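Some notes on the structure that comes next.
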Amino acid sequence: MSERILLSSPHMGGYEQKYINEAFETNWIAPLGPNVDEFEKELAEYVGVNGAAAVSSGTAAIDLALNLLGVGTGDSVFCSSLTFIASANPIVYRGATPVFIDSEWDTWNMSPQALERAFMEADSEGKLPKAVIIVNLYGQSAKMDDLMGICNRYDVAVVEDAAESLGSTYKGKKSGTFGKYGIYSFNGNKIITTSGGGMLVSDDLEALKHARFLATQARDTAKHYQHSVIGYNYRLSNVLAGIGRGQLEVLDERVSQKRAIFERYEKALSLIDGVTFMPELEETFSNRWLSVMLLDPDKIKISPYEVLDVLNGENIEARPVWKPLHLQPVFEGCKFYPHSEDETVSEILFEQGICLPSDSKMTFEQQEKVINVLLNTLK
Ligand SMILES: *Cc1c(COP(=O)(O)O)cnc(C)c1O
């Protein structure tokens with residue numbers, strides 16, 4: 001059988017080895033070291049923020065952000081519903097309760113009107129959330145002006161989950177730089193990877209300093225081991241940061257490759273009545289981390305699950321859209337605010353969506369194969 005065509009897998013640029021070798025030659029295998037410092041500096045410069053703290057995962061970065069915002073037991077945190085569960089798990093780690101907000105059609109991300117209703121209700125109950133986690137799905141930025149406007153009006157801090165949108169922009173500003181904190185992930189399937197890793201970014205350098213302190217077991221300044229607060233082992237290792245530095249050099253190239261993959265799918269498949277693709281909001285630029293299409297059940301008789309089976313039979317990896325978190329058994333009973341009274345956008349996207357192979361290593365011929373299988377299956 002031919003080689004499996006993957007959804008999104010690590011794609012090294014060739015520069016990574018240089019930085020890893022440096023780590024070995026200088027014996028900086030231990031956690032922390034020059035690659036960590038440089039990776040933080042280079043990423044902060046790339047996205048245009050004052051500073052960054054390299055950590056072991058995107059999830060750890062969200063956990064630190066919530067910690068820095070003082071989220072704790074009894075608090076609530078608003079969070080996009082249509083996302084990977086890692087966006088919301090740290091809310092529970094902090095002992096707080098998630099409240100889920102639906103998507104809207106233009107970006108598939110957090111609906112400003114649903115957020116507004118959630119805030120109005122929370123305000124009338126006299127209990128505003130401690131933070132709002134806004135996710136930028138599959139590379140597409142959320143409507144940041146509208147969402148930030150609402151959060152600023154209520155004076156509630158924003159954590160921007162840009163795990164999937166590194167390299168994307170909203171009105172010329174890099175995704176992940178709108179809230180008090182932004183987070184990125186370098187997990188193996190993301191647009192650039194360190195095999196596992198993440199980054200917390202902010203303009204508040206004091207807060208980032210505290211984040212690094214918490215992420216290294218919260219060691220007080222003393223000759224002996226002394227601790228006044230509970231810390232974490234969340235830092236990124238110097239070897240992995242070396243991979244990250246090499247990957248950062250090819251990030252823009254990866255964005256171009258991902259966008260070209262999307263454009264080829266869209267050109268070939270949107271000719272089919274009932275097939276549409278994830279939109280790109282005006283004045284935004286998506287990294288198109290994954291190419292995602294919707295199948296209108298009124299026009300296409302085969303279901304997304306059957307299409308996934310056909311693709312899998314051809315050794316092609318594809319996935320459904322994230323299952324909304326308000327539908328997850330683990331979050332049963334959590335509050336949820338739909339886009340409108342008669343429409344829950346995230347559920348429709350979940351029911352109709354398919355994430356297509358978007359691997360930047362995929363050859364033109366491999367993508368042709370995917371397209372041909374889909375043309376034959378959907379027509
Ligand atoms: C991948 C991802 C995360 C978590 O990142 P890890 O590095 O895997 O912990 C968080 N949010 C979203 C939206 C993601 O896709």
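Scope of the values below: all heavy atoms of this structure, side chains included, with no hydrogens, waters or symmetry mates. Because the structure is predicted, anything quoted here is derived from the model rather than measured. Whatever order the structure lists them in is the order used to number ligands and atoms, beginning at 1.
Side chain to side chain, S202 and K180 fail the donor-acceptor criterion of an N or O pair below 3.5 Å.
Annotation: ligand 1 has protein neighbours S57, G58, T59, T83, F84, A86, S87, V135, D161, A163, E164, S185, N187, K190, G197, each with a heavy atom less than 4.0 angstrom from the ligand.
A salt bridge does not link R254 to E249: none of the charged nitrogens lies less than 4.0 Å from a carboxylate oxygen. A salt bridge is absent between R4 and E317; no separation between the charged side-chain nitrogens and carboxylate oxygens falls under 4.0 Å. A salt bridge links R235 to E40: one of the charged nitrogens lies within less than 4.0 Å of a carboxylate oxygen. The pair K335-E125 meets the salt-bridge criterion, since a charged nitrogen lies less than 4.0 angstrom from a carboxylate oxygen.
With sequence neighbours excluded, the residues that form a side-chain contact (heavy atoms from CB on, under 4.5 Å) with N152 are M148.
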